[in-house]
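Right, one structure below, let's go through it.
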Amino acid sequence: MLAPNSRLMLLECLRPPTGFTLDAAVGTTYTLALDALLIPPAAWAVHSIGDRLDRADPILLANSLRLFAERTVVFHQAGAASTFSDGGGELLSAFLDEMVFPVRVGSGETFHPKVWVLRFTGKDGDKGLRVLVGSRNLSLDATWDVLVTLDSGPKVDGAATGVQLANMLRSLPSRSTVTLPPARLDLVESLPTDLASAYFTPPDRCSSAELLWWSPRNPPKQMFPSVCRRRLVISPFLGSGGLNRLPTASEPGGSYLVSRQSSIDSALAAGFDAYTLKTDMAGVEDGDEARLGNDLHAKVFAFDTDESSTLIIGSANATAAAFTMNDEVVVRLIGSTSNLGVNALLGEQSEGGGHGAELELIDVLESWSADEEEGAEDDDSRFFETAIHSVASLQLSGTCSESAQGRFALSLRLSAPVNLPTGLSVEFALLGQAIPLPSALQRGELVALDLELEALTRFVSARFSDRSGVVEAVSVVLIADVEMPAGRARRALRQLLTNREKFGRFLRYLLESGQDPTIPGEGDESLGLVKAQPRRSRAVIAVEGPILEQLLRLLASRPSDLRQLDAVIKDFGDDEELFLDGFVNLWKAIAPLIPGEES
């Protein structure tokens with residue numbers, strides 16, 4: 001199980017194998033934090049930023065997004081996106097808002113998969129696929145989670161196929177509230193073709209693997225074994241309709257349940273040894289582990305039979321809704337009981353509660369007691385659920401064109417008037433703008449805006465309020481179906497490069513991104529890959545032989561990057577004060593060698 005401080009594990013799993021680069025990426029998530037949308041491009045960049053996005057160089061992030069945004073599509077549940085936590089990411093929205101596509105769901109339904117499908121290409125043209133299936137949304141929440149990584153390989157006994165995952169990806173463009181542009185539609189439609197014919201090697205110590213997707217219109221078949229000796233359920237949310245689907249454990253005392261304190265009651269815990277995460281992790285482990293907290297988001301079902309053990313990991317909670325009303329994706333693994341069995345997963349209690357020893361799952365658990373049973377708490381986060389679903393189901397569309405003197409005319413319209421429950425209100429604003437949009441938008445009328453480039457975005461914040469003031473207001477981000485002017489991201493980058501020092505950093509990142517994104521490091525046999533090691537960044541940029549050499553190398557390997565750089569340089573006009581000494585003359589020699597778009 002992944003601890004809350006293990007965001008680096010996701011970064012490592014997203015990075016390509018040595019000698020490969022990212023060709024295409026499609027992610028799915030229930031909730032989406034715009035901050036977390038920066039994680040995948042950062043993982044694919046040369047420079048490692050760790051998991052502290054707030055400390056990352058915005059020029060590095062902009063360059064990473066510039067390189068990878070066109071190869072990345074993220075689907076999330078409509079109305080479940082949240083804004084930048086620190087309010088400072090709006091400068092990057094030009095690189096982000098064309099990656100994101102909301103999925104419309106029916107009443108009571110949830111789009112819940114937490115999946116990444118990645119396609120890598122090698123220098124010799126070889127292609128490989130990687131699938132990440134987890135329980136964590138694309139957010140920066142600190143929770144305990146699980147993650148399974150599967151890499152494509154030869155067809156062997158027990159290999160998983162990508163057929164069901166391919167079917168899910170094929171369904172998403174028609175379910176989105178935003179039209180996918182032709183290039184992104186081609187990307188999303190090309191991955192299912194590769195997935196459907198691919199095989200994925202089971203993880204170490206597993207004899208077989210299956211990738212499973214279901215939805216309200218495609219319910220799951222037989223998910224669990226019909227009988228078992230022992231069983232383990234790890235789920236933050238519980239319901240009798242989910243637990244009653246499980247086979248009963250034949251071994252006395254062979255049923256284990258791990259959940260949140262607020263989710264367990266005596267009826268649900270009946271027949272289980274029930275546990276929660278420890279409320280105080282101090283002493284469990286040295287360092288950061290002592291401050292991890294006990295927010296559980298992992299979803300695991302494990303069953304021991306006489307012959308083997310079955311492990312199901314993914315997005316599905318132990319609730320009826322997970323199996324009847326939701327889109328879910330899981331990996332079903334089969335292996336020996338000694339490797340995948342319930343006891344192997346729980347581990348043995350370490351002496352001293354885990355301090356100084358390898359941390360076992362049982363070390364971070366404490367028995368649930370009916371004496372601590374709590375009544376149902378008011379969940380303010382769900383207070384606005386009906387209102388958010390009502391607004392997110394509407395189509396927000398419009399047009400954008402460049403007007404005089406470099407300004408932009410943006411028009412927006414909702415497909416129908418907003419209809420909220422009595423006592424609730426909503427206010428719309430372009431992300432990063434304090435002034436609300438005209439109330440005519442709520443009535444379904446056309447709203448026309450005159451904007452500068454930095455205010456132009458497809459992200460629209462919707463702030464829901466309780467007129468009585470009892471419940472604190474919440475904001476979600478909607479995505480407008482608007483085709484933005486060509487070159488917007490390039491001009492947004494130009495606005496970040498305001499002086500010579502920033503242009504020097506951009507040039508360094510650009511040149512280093514033209515090299516292999518990883519360098520050989522220590523092998524990781526469990527993934528069959530080589531771990532990436534961070535490169536040392538140059539402290540000084542000087543226009544001399546190495547710069548010329550790197551420019552020529554980039555010209556030969558990725559000329560499209562130099563075409564973009566050429567366009568950025570032209571945007572600077574005659575402002576040569578921003579360029580490094582000698583760079584203008586150097587670029588005059590390089591520019592004629594850059595091939596055109598059709599070369």
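What you see below is based on every heavy atom in this structure, not just the backbone, and it leaves out hydrogens, waters and symmetry mates. Values in this document were obtained by computation on a predicted structure and should not be read as measured data.
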What I want to find out is whether [X] reaches [Y] closely enough, with some N-O distance under 4.0 Å, to be called a salt bridge.
X      : Y      : answer
Arg119 : Asp194 : yes
Asp306 : Arg229 : yes
Arg175 : Asp327 : yes
Asp151 : Arg130 : yes

Original post:
Does CG belonging to Asn244 count more than 12 external heavy atoms closer than 6.0 Å?
Top reply: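 Count over threshold, so yes.
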
Hey, does the side chain of [X] reach the backbone of [Y] with a donor-acceptor pair shorter than 3.5 angstrom?
X      : Y      : result
Gln164 : Trp213 : yes
Thr143 : Leu296 : no
Ser207 : Ile334 : yes
Thr29  : Thr31  : yes
Ser263 : Ser259 : no
Asn326 : Glu328 : no

Original post:
Got a second to check how far Lys278's NZ is from Glu366's CD, nearest 0.5 Å?
Top reply: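 CD of Glu366 is found 7.5 Å from NZ of Lys278.
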
Subject >> Separation of Ile234 CD1 from Leu346 CG (nearest 0.5 Å) >> reply: 7.0 Å

**OP:** Under the salt bridge (charged side-chain N to carboxylate O under 4.0 Å, His left out) rule, what do Arg184 and Glu189 come out as? Steps first, then yes or no, please.
**Re:** CA-CA 9 Å; Arg184 293 186 186 274; Glu189 290 180 340; over 6 Å; no

So which pairs with a foot in [range] pass ring pair (Phe, Tyr, Trp, His ring centres under 6.0 Å), sequence neighbours left out?
range            : answer
residues 315-343 : Trp214-Phe323, Phe224-Phe323
residues 106-132 : Tyr30-His112
residues 237-278 : none

Original post:
What residues form a side chain to side chain contact (heavy atoms under 4.5 Å, CB included) with Ser235, not counting sequence neighbours?
Top reply: Val233, Leu238, Asn317, Ala318

Subject >> Any residue meeting side chain to side chain contact (heavy atoms under 4.5 Å, CB included) with Tyr199, in chain and number order, not counting sequence neighbours >> reply: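 Counting only residues at least two positions away or on another chain, Tyr199 forms a side chain to side chain contact (heavy atoms under 4.5 Å, CB included) with Lys155, Ala159, Thr161.
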
**OP:** For Arg104, enumerate each residue passing the side-chain hydrogen bond (donor to acceptor under 3.5 Å, both in side chains) test, keeping only those at least two apart in sequence or located in another chain.
**Re:** Gln395

Original post:
Between Ser135 and Asp145, does a side chain to side chain donor-acceptor pair (under 3.5 Å) hold up when you go through it step by step?
Top reply: CA-CA 6 Å; Ser135 62; Asp145 287 278; 3.1 Å; yes

**OP:** Would you tell me whether Ser215 and Asn218 have side-chain atoms, one donor and one acceptor, within less than 3.5 Å of each other?
**Re:**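 Looking only at side-chain atoms, Asn218 and Ser215 do not form any donor-acceptor pair under 3.5 Å.
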
Pairwise side-chain contact, [X] with [Y], heavy-atom cut-off 4.5 Å (strictly under):
X      : Y      : answer
Leu365 : Val258 : yes
Ile313 : Val330 : no
Asn137 : Leu32  : no

